[in-house]
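When a ligand or atom number is given, it counts from 1 through the structure's own listing order.
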Amino acid sequence: MSSTRTVAEGVTAPSSPTSQGSIRIRQVSHRYGRGGAAVTAVGPLDLDVPPGEFLVLVGASGCGKSTLLRLIAGFETATQGSIEVSGTAPAPGRTAGMVFQQPRLFPWQTVGGNVDLALKYAGVRRDQRPAQREELLRRVGLDDTAHRRIWEISGGQQQRVAIARALAAEHALLLLDEPFAALDALTRERLQDDLRRVGTESGRTAVFVTHSADEAVFLGSRIVVLSKRPGQIALDLPVDLPRTGVDADELRAAPEFAALRREVGLAVKSAAA
Ligand code: ADP
Ligand code: MG
């Protein structure tokens, strides 16, 4: 993004480099449908997310978590209020890398082919793609699988490819909508371990949706609990657990971890009541 243009030249104000990946939400609510069939899914709510934060949104099924994520991504336009990401209005495909519950890969392609397509779409030159592809696959723990077909690898590995693909676009913001919900418990823990590391290393902002208090405390640098529909902020909690130099299993076993998990679990329950 150019930082030399000015408002006077007739373009939107450049966001300062420090605002890259920031989210600013003001009095946002979103309604589906009209008249008697209208459903207000979320809001009104205000939320500020600084660059580099790993925010986890927790709440009961149907409280509007996916709606909020789609609003931030620019897939939906809020019926009220305003959203800015990195200082500008969100636009689909340009604002954030996304990971969904289902990996949504091209099944007939190889692992490497799927990442290549994402790099190509992100405008990376063809001769630079192989090195970047290898680096991305290494970061998500998929070295030596570039040649394999999507249908030959496990669900957990497919979700790793989806994360690599979301990282390929180099957006300052990653949005993840219950990406590990369909995985078995052990695979889920290993992916959580790696995502926590990748999130910290990459310095990107992340908004991760889950309804697991355990997952929220493990991954988040901050947790926001939403009330039942229309989702509003019921709890906004910083997580002061170490993010580097700590063993994942030790962290899960720590008393501070258990205390936070309990606090978030209770908040989710009472917010849903
Ligand atoms: P969550 O992700 O927390 O489970 P959603 O954001 O998917 O919740 O949905 C919130 C509410 O909005 C639900 O009542 C859901 O049925 C409704 N909803 C979601 N998407 C649509 C849509 N495209 N059209 C109509 N209603 C929708
Ligand atoms: Mg959802």
Practice task
State the count of protein N/O/S atoms located less than 2.8 Å away from the Mg ion (ligand 2).
Solution key: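 Under the 2.8 Å cut-off, the count stands at 1.
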
Practice task
For the residue pair His30 and Tyr32, categorise the inter-ring angle as parallel (less than 30°), tilted (30 to 60°) or perpendicular (more than 60°).
Solution key: perpendicular

Determine whether a donor-acceptor pair (N or O, by modelled atom type, separation under 3.5 Å) exists between the side chain of [X] and the backbone of [Y].
| X | Y | value |
| --- | --- | --- |
| Arg139 | Val198 | no |
| His171 | Ala166 | no |
| Arg165 | Pro103 | yes |

Problem - Residue portion contacting ligand 1 (non-hydrogen atoms closer than 4.0 Å) for Glu76 - result: neither

Per-atom contacts, ligand 1 versus [X] - under 4.0 Å to a heavy atom:
| X | value |
| --- | --- |
| Ser61 | 4 (O) |
| Ser66 | 1 (P), 2 (O), 6 (O), 7 (O) |
| Thr67 | 5 (P), 6 (O), 9 (O) |
| Arg70 | 20 (N) |
| Ala41 | 10 (C), 11 (C), 12 (O) |

From [X] [atom1] over to [Y] [atom2], what is the distance, rounded to the nearest 0.5 angstrom?
| X | Y | atom1 | atom2 | result |
| --- | --- | --- | --- | --- |
| Gln158 | Gln102 | CD | CD | 9.0 Å |
| Lys65 | Glu178 | NZ | CD | 5.5 Å |
| Asp247 | Arg252 | CG | CZ | 9.5 Å |
| Phe208 | Phe180 | CZ | CZ | 5.0 Å |

Exercise for the section: Using the six-membered ring of Phe54, assess whether NZ or CZ of Arg196 lies under 6.0 Å from its centre and within 45 degrees of the ring axis. Expected result: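 Verdict for Phe54: no cation-pi partner in Arg196.
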
Practice task
May I ask you to identify the nearest protein heavy atom to atom 14 (O) of ligand 1, giving residue, atom name and distance to one decimal place in Å?
Solution key: Arg229 CD, 3.3 Å

Practice task
Tell me which protein heavy atom sits closest to atom 27 (C) of ligand 1, plus the residue, atom name and distance to 0.1 Å.
Solution key: Tyr32 CD1, 3.2 Å

Practice task
For the residue pair Ile72 and Ile25, establish whether any side-chain heavy-atom pair is separated by less than 4.5 Å.
Solution key: yes

Exercise for the section: Report yes if the side chains of Thr205 and Val85 come closer than 4.5 Å at any heavy-atom pair, otherwise no. Expected result: no

Handout entry: contact_flag Gly62 ligand 1 heavy-atom lt 4.0 Å
Key = yes

Exercise for the section: Please name all residues satisfying salt bridge (charged side-chain N to carboxylate O under 4.0 Å, His left out) with Arg222, sequence neighbours left out, ordered by chain then number. Expected result: Glu53, Asp236

Exercise for the section: May I ask you to check whether Gly64 has an N/O atom sitting below 3.5 Å from an N/O atom of ligand 1? Expected result: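 There is such a contact, yes.
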
Problem - Val39 N/O to ligand 1 N/O under 3.5 Å - result: no

Practice task
Verify the contact flag for atom 16 (O) of ligand 1, where contact means a protein heavy atom under 4.0 Å away.
Solution key: no

